[in-house]
Amino acid sequence: MKLKMSLVGITITLLLVGCAKKELTPGVTDTEILIGNIQDLSGPMKELGYLLPAGANLYFQYINDQGGIYGRKIRMLVEDHQYNPQKAVAAAKKLIEKDQVFCLYQVIGTSTSEAIIPILEEYKIPLVAPATQSGTMSRPLRRYIFQTDTGYDKQMNVLIDYILRQDKNARIGLIYQDDNYGANALKGAAEAEARHKITLQKESYQRGASDFSGQVGNLMKGGATHVIIAGIVREPIIIMKTAAAMGYRPQFLGLSPTMDHRVAIAAGPAGEGYIAANFAPLWNSDAPGPVLYRKLHDKYADPKTLPLGMYSYYGFATATVLVEALKNAGKDLTRASFLQALNSLDYKGGSFPDFKWTRTNHGSSGKVVLVQVKNGKQVEISDWLD
Amino acid sequence: MKGRYEDEKLFWIPVLIAAVFLLPFLLKGMTNSYRYYLYVLNIAGIYMILTVGLDLLSGYTGLISLGHAAFFAIGAYLSAILVDQGGLPFELSLIIAPLLTGLFGLVIGFPALRLEGMYLGLATMGFGFIVKRMIIALRQWTQGSNGLQVSSPHIFGFTFRNDWDNYFLIYTGVVLTVVIARRMVRSKLGRAFMAIRDSERAAEAVGIRLAKYKMISFFISGVFAGFAGVLFAHTSHFISTDHFDILLSVYFIIMILVGGVGSIYGAVLGALFIVLLDNLAIPLFKDWLQTFITVEAGDIQSLIFGLIMFLFIIFQPTGLYGLWLKVRIYWKLFPFNPRKRFS
């Protein structure tokens with residue numbers, strides 16, 4: 001009997017100990033913070049998918065080597081959504097429910113990020129730095145989304161202003177991806193059209209397209225002197241090569257996703273002079289963020305598998321923002337304290353232009369810098385513009 | 001062929017239904033992540049409704065469709081637009097949107113009267129592409145390729161807010177679908193479908209009007225797909241054209257092939273098997289594989305699905321349900337098993 005009672009006693013004690021040890025905040029233990037990231041690892045944008053988390057891990061490793069944040073090391077789980085919103089929902093639920101991550105970070109894509117908004121609201125879980133520059137991420141205000149990047153709509157405004165400053169009589173053409181990325185670019189184009197009383201010649205393409213001769217031919221016929229490309233990496237390369245083959249040489253410009261060094265490399269002579277908007281300092285510039293990025297890349301990365309470039313820099317840069325907010329949330333890390341830290345983050349880390357998040361503004365600085373390909377290399381050619 | 005299986009014991013059906021509705025409570029007791037598993041089961045449930053409809057068309061009537069993702073999309077978008085923009089109560093949309101989707105089934109049923117086999121497959125595939133483009137073009141209502149946020153299901157004052165609530169809604173739909181489909185295939189309608197599948201000429205000779213029944217089959221299949229689409233739109237809260245592509249139509253075909261073509265329970269099993277494989281087994285397999293090589297779930301998914309379909313067609317053409325029947329008969333006759341029958 002005594003034995004039985006003591007067994008019951010031991011069981012109850014163990015259960016109580018078990019319950020007491022049970023963490024209160026998902027994804028946070030005394031030694032670890034678990035972060036969830038959703039990328040396109042095997043879909044149409046897989047050439048970017050692995051670069052972003054790899055760049056972020058450079059900084060996480062750096063922080064972890066210094067002992068982490070209040071003794072907690074950062075660990076990031078990466079799920080694959082193949083650029084399918086439904087799979088993004090499944091991945092988010094898996095990360096939140098099954099893996100019990102503390103927060104979501106850098107989910108790539110506009111429609112994929114929008115698809116998980118109801119989940120963020122249901123679980124009251126923040127998404128820091130979605131990997132899309134669509135202005136719809138922070139305007140109107142999304143309670144649980146915190147955006148580091150300048151919107152496509154603002155970028156369009158800056159690019160058109162820039163073109164018209166250079167050439168008052170410029171005829172501007174636009175090639176855009178016919179989805180919500182393109183829609184946000186069109187919104188900016190419409191604002192600039194109204195302001196300058198001009199009309200852009202607009203040509204669309206479907207995501208995944210690899211033939212742009214129709215669009216380029218139309219712009220050539222329309223006599224566009226400047227062509228803005230709202231594409232990603234592959235599109236500007238093909239478009240500029242197609243134009244060169246057709247003997248058409250307008251000034252090409254592009255939104256931030258086209259600001260990849262591979263555009264400069266792959267487009268060759270056709271891409272010389274290409275100008276792209278960038279929402280962060282150029283990865284090879286002397287700003288403090290890029291300098292630290294290259295130092296950490298030297299220290300931790302294998303250049304064969306992780307080349308230096310915009311997308312891994314982007315991952316790194318957003319990681320600095322996430323870490324700063326985690327630090328500001330203090331030792332007793334909960335989702336509530338983290339949200340409070342995000343809502344009052346005054347970022348001066350140097351990896352992005354300075355910005356401030358408040359309860360009513362989760363958007364970026366709204367600034368971009370222009371980057372041009374000169375002799376096959378990218379260089380910044382402007383100050384921060386807005 | 002079906003007659004052989006008519007010795008079913010109906011006693012098991014209420015037990016099975018009770019088990020379906022008790023499962024969430026069991027899961028809740030077992031794991032903290034039960035809501036994720038319920039979500040996966042919900043997706044499976046929605047696909048079950050659709051594959052049962054697809055099975056009526058492909059398995060029973062012998063008409064192939066590579067455009068079922070399009071019917072699914074039509075149901076989803078119609079309901080999202082009717083409820084959120086037209087102010088139609090969800091209860092009504094649950095009936096009206098599937099019926100309207102069924103009308104689209106009739107439209108695609110017309111060419112089916114003249115096309116057979118692969119050509120019908122191509123026509124339905126084309127239908128899928130057209131629907132996707134139409135959804136993008138009608139951006140005034142559908143918001144084009146931006147995707148559409150959709151409200152939660154709301155029935156007689158009760159709002160289904162999360163995966164737990166949705167489970168009961170979706171599986172009520174599954175049970176209804178299965179009961180209706182079972183009833184259908186055992187009626188004059190079902191017999192006409194099967195007669196057409198087995199031989200169109202023979203069917204015509206005994207007085208079955210091919211045109212009428214083929215159209216009915218497309219209509220019914222469209223209604224089921226539309227019903228699944230309505231549930232999908234309102235329980236996942238976000239729909240976009242990216243999801244409803246040709247690959248999804250192919251997955252539906254894989255589901256009924258794996259489950260067993262021409263058996264309602266097979267369609268249910270197939271959908272469950274593929275969704276569990278996709279969401280639970282492949283990620284585990286990927287983690288294990290990643291200890292050797294760098295590989296992504298998406299990359300091995302197509303490989304595994306292709307392999308499974310290949311293996312099923314060669315070794316188990318009657319699917320999971322056929323396998324279950326074999327096992328059952330095997331035990332029933334044990335130890336007097338005529339070896340030939342199970343080879």
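Please read all numbers here as calculations on a predicted model, not as lab measurements. Per chain, numbering begins at 1; letters A, B, ... match sequence-line order.
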Problem - Portion of Gln143(B) that has a non-hydrogen atom of chain A nearer than 4.5 angstrom - result: neither
Handout entry: Within 6.0 Å of CE in Met134(B), more than 12 heavy atoms from elsewhere
Key = no
Problem - Trp141(B) atom CH2, neighbour heavy-atom count above 12 within 6.0 Å - result: no
Problem - Within-4.5 Å side-chain heavy-atom neighbours: Tyr34(B) and Glu97(A) - result: no
Practice task
Compare every heavy atom of Val89(A) with every heavy atom of Tyr39(B), then report the nearest pair and how far apart it is.
Solution key: OH-CG1, 3.5 Å
Exercise for the section: May I ask you to list the residues in residues 113-124 of chain A that approach chain B closer than 4.5 angstrom, counting heavy atoms only, ordered by number? Expected result: Glu114(A), Ala115(A), Ile117(A), Pro118(A), Glu122(A), Tyr123(A)
Exercise for the section: May I ask you to check whether over 12 heavy atoms, not counting those of Phe158(B), lie within 6.0 Å of atom CZ? Expected result: yes
Practice task
Please report the C-alpha distance between Ile43(B) and Gln86(A) in whole Å, then the side-chain angles of each, then the deciding distance to 0.1 Å, and finally whether the side chain to side chain contact (heavy atoms under 4.5 Å, CB included) criterion is met.
Solution key: CA-CA 10 Å; Ile43(B) 293 291; Gln86(A) 187 50 41; 3.5 Å; yes
Exercise for the section: Please say whether more than 12 non-hydrogen atoms of neighbouring residues, nucleotides or ligands are located less than 6.0 Å from CZ in Phe104(B). Expected result: no
Practice task
Drop me the distance from Phe238(B)'s CZ to Thr112(A)'s OG1, to the nearest 0.5 angstrom.
Solution key: 8.5 Å
Exercise for the section: Evaluate whether atom CG of Asp30(A) has more than 12 neighbouring non-hydrogen atoms of other residues, nucleotides or ligands under 6.0 angstrom away. Expected result: no
Problem - Distance (rounded to the nearest 0.5 Å) between Ser240(B) OG and Asp179(A) CG - result: 9.5 Å
Practice task
Find the distance between OG (Ser111(A)) and CD1 (Ile239(B)) and round it off to the nearest 0.5 Å.
Solution key: 12.5 Å
Problem - Non-hydrogen side-chain atoms of Asp178(A) and Arg139(B) separated by less than 4.5 Å - result: yes
Problem - Heavy-atom contact with chain A under 4.5 Å, split by part of Asp245(B) - result: neither
Completion exercise
Looking only at Lys94(A), Gln206(A), Lys46(A), Lys93(A), the option with the highest number of non-hydrogen pairs under 4.5 Å against chain B is Lys93(A)
Exercise for the section: Could you look at Ile136(B) and say if it's the side chain, the backbone, both or neither that has a heavy atom under 4.5 Å from chain A? Expected result: side chain
Exercise for the section: Tell me, please, which residues at least two apart from Asn279(B) pass side chain to side chain contact (heavy atoms under 4.5 Å, CB included). Expected result: Ala90(A), Tyr36(B), Val40(B), Val275(B)
